[in-house]
2 protein chains.
Amino acid sequence: MQNRQAITILAALAQESRLAVYRLLIEHAPEGLAPSAIAEKLGLANATLSFHLKELSHAGLVSSRQSGRFIYYAPVIETMDELVGYLTDHCCSQSAGTCATAAARCAPGKRPAAATRRRRASA
Amino acid sequence: MQNRQAITILAALAQESRLAVYRLLIEHAPEGLAPSAIAEKLGLANATLSFHLKELSHAGLVSSRQSGRFIYYAPVIETMDELVGYLTDHCCSQSAGTCATAAARCAPGKRPAAATRRRRASA
DNA sequence: TCCACATTTCCATAATGATGGAATTATAAA
DNA sequence: TTTATAATTCCATCATTATGGAAATGTGGA
């Protein structure tokens, strides 16, 4: 994941209403929710919600599909996964051991460890 | 971790210069770097860098210690770890299986799994 | 077609964030 | 104490983001 993309995703999540929308969609994954339902649950104006959904979409955090008169927004888990991967990579220093807890979170063997991947990429 | 705090941390990272500063500090963990060195490496004006360091400090992402005429800024890994924990928690839906990849990242047994912890907290 | 409703776009406004020059504060060496 | 360097604060400016009413667009049913 590129820096630029990580910033876009982080910025999309770094806003109260948007984080609330995303978390609500997570609770309703994988079907998702229509804007009307989201607006009602969170008390957001139509235009405001539409703005935030566009931001989340643009960041790749949610997808949408039309169904009849409704558009269902659902979270894109892969994007969150990539963000977590990015953070894990860049929270771990090249010199090992500076990030024990975060590193421990990574299941060894499931995928290359963070530092290893970065070393391979830049070498 | 509270919503509010997560937003503060996400917002701190969601900015090109600040993310660059943080990543630079990660490369120089755990000693850290002085603002003069950071400013030179990243080409930032003193005032601008100071502003960004304050944001990172306020979010708990960096700490500082004085040493002679210099102040060394170093990353606080625990904060990143908590952020990753928060994201992992809220990227995993209550209904299992919707977040396989991100969940797989968590070493089972190292700490309670994300969904489990949330269920326990809200129940 | 016409209507009802869902959603988005348009637009103006308000709020927040980023930037850096200049002045100020802090620390240590001469 | 004087001087040099490090870092922060002050402040003005510019840029971006958030908000929501009103109008426009899209969709399916009558």
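Chain naming here is simple, since letters A, B, ... match the order of the sequence lines and numbering starts at 1 in each.
Apart from A:Phe51 itself, the hydrophobic cluster it occupies contains nothing, where clustering links Ile, Leu, Val, Met, Phe, Trp and Tyr at side-chain heavy-atom distances under 4.5 Å. As a member of the Ile/Leu/Val/Met/Phe/Trp/Tyr network built from side-chain separations under 4.5 Å, A:Phe70 groups with A:Tyr72.
Between B:Glu16 atom CD and D:dA15 atom P there is a gap of 17 Å when expressed in whole angstrom units. When the P atom of D:dT9 is taken as reference, atom CG of B:Leu53 falls 11 Å away, rounded to whole Å. Going from atom CG of A:Leu49 over to atom P of D:dT19 covers 11 Å, rounded to whole Å. Here the C1' atom of nucleotide D:dT19 and the CG atom of A:Leu44 are 10 Å apart, to the nearest Å. Here D:dT17 presents its C1' atom at 13 Å from CD of B:Gln15, a figure rounded to the nearest Å.
In terms of position on DNA chain D, the residue among A:Ala14 and B:Phe51 whose nearest nucleotide sits closer to the 5' end is B:Phe51.
Note on residues 1-15 of chain A: pairs passing side chain to side chain donor-acceptor pair (under 3.5 Å), not counting sequence neighbours, are A:Asn3-A:Tyr86, A:Asn3-B:Arg23.
Contact check, A:His52 against D:dT19: a side-chain N or O comes under 4.0 Å of OP1 or OP2.
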Contacts table for residues 31-39 of chain B: side-chain donor-acceptor under 3.5 angstrom, sequence neighbours left out:
none

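Residue-level contact check: B:Tyr73 touches the backbone only, with heavy atoms under 4.0 Å from sugar-phosphate atoms and none from bases.
For DNA chain D, no neighbouring residue in residues 34-43 of chain A is found when judged by any heavy atom under 4.0 Å.
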Do any N or O atoms of the protein come closer than 3.5 Å to N or O atoms of nucleotides 21-28 of chain D, and which pairs are they?
unit_1	atom_1	unit_2	atom_2	d
D:dT27	O3'	A:Gly68	O	3.4

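For the residue pair A:Val62 and A:Tyr22, the shortest heavy atom distance occurs at CG1-CD1, 4.3 Å.
Listed by chain and residue number, B:Ala74, B:Val76 satisfy the side chain to side chain contact (heavy atoms under 4.5 Å, CB included) test with B:Ser63 (two or more places apart in sequence, or in another chain). Partners of B:Asn46 by side-chain hydrogen bond (donor to acceptor under 3.5 Å, both in side chains), not counting sequence neighbours: none found. Partners of B:Ser50 by side chain to side chain contact (heavy atoms under 4.5 Å, CB included), not counting sequence neighbours: none found. Taking A:Ala14 as the reference, B:Leu10, B:Ala11 meet the side chain to side chain contact (heavy atoms under 4.5 Å, CB included) condition, with sequence neighbours excluded.
For A:Arg18 (side chain) and A:His52 (main-chain N/O), no donor-acceptor pair under 3.5 Å exists by modelled atom type.
First and last contacting nucleotides of DNA chain C toward chain B (any atom under 4.0 angstrom from a heavy atom, 5' to 3' order): C:dA18 to C:dA28.
Contact annotation: the side chain of B:Tyr73 never approaches that of B:Arg65 to less than 4.5 Å [non-hydrogen atoms, C-beta and beyond].
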Represent DNA chain D in dot-bracket notation, 5' to 3'. Only Watson-Crick or G-U wobble pairs with both distances under 3.5 Å count; pseudoknot-style crossings use [ ] and interstrand partners use |. ||||||||||||||||||||||||||||||
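Here the CG-CG distance, from A:Leu53 to A:Leu61, works out to 11.5 Å after rounding to the nearest 0.5 Å. Summarising the geometry, atom OG1 belonging to B:Thr79 is positioned 5.5 Å from atom CD1 belonging to B:Ile9; distances are rounded to the nearest 0.5 Å.
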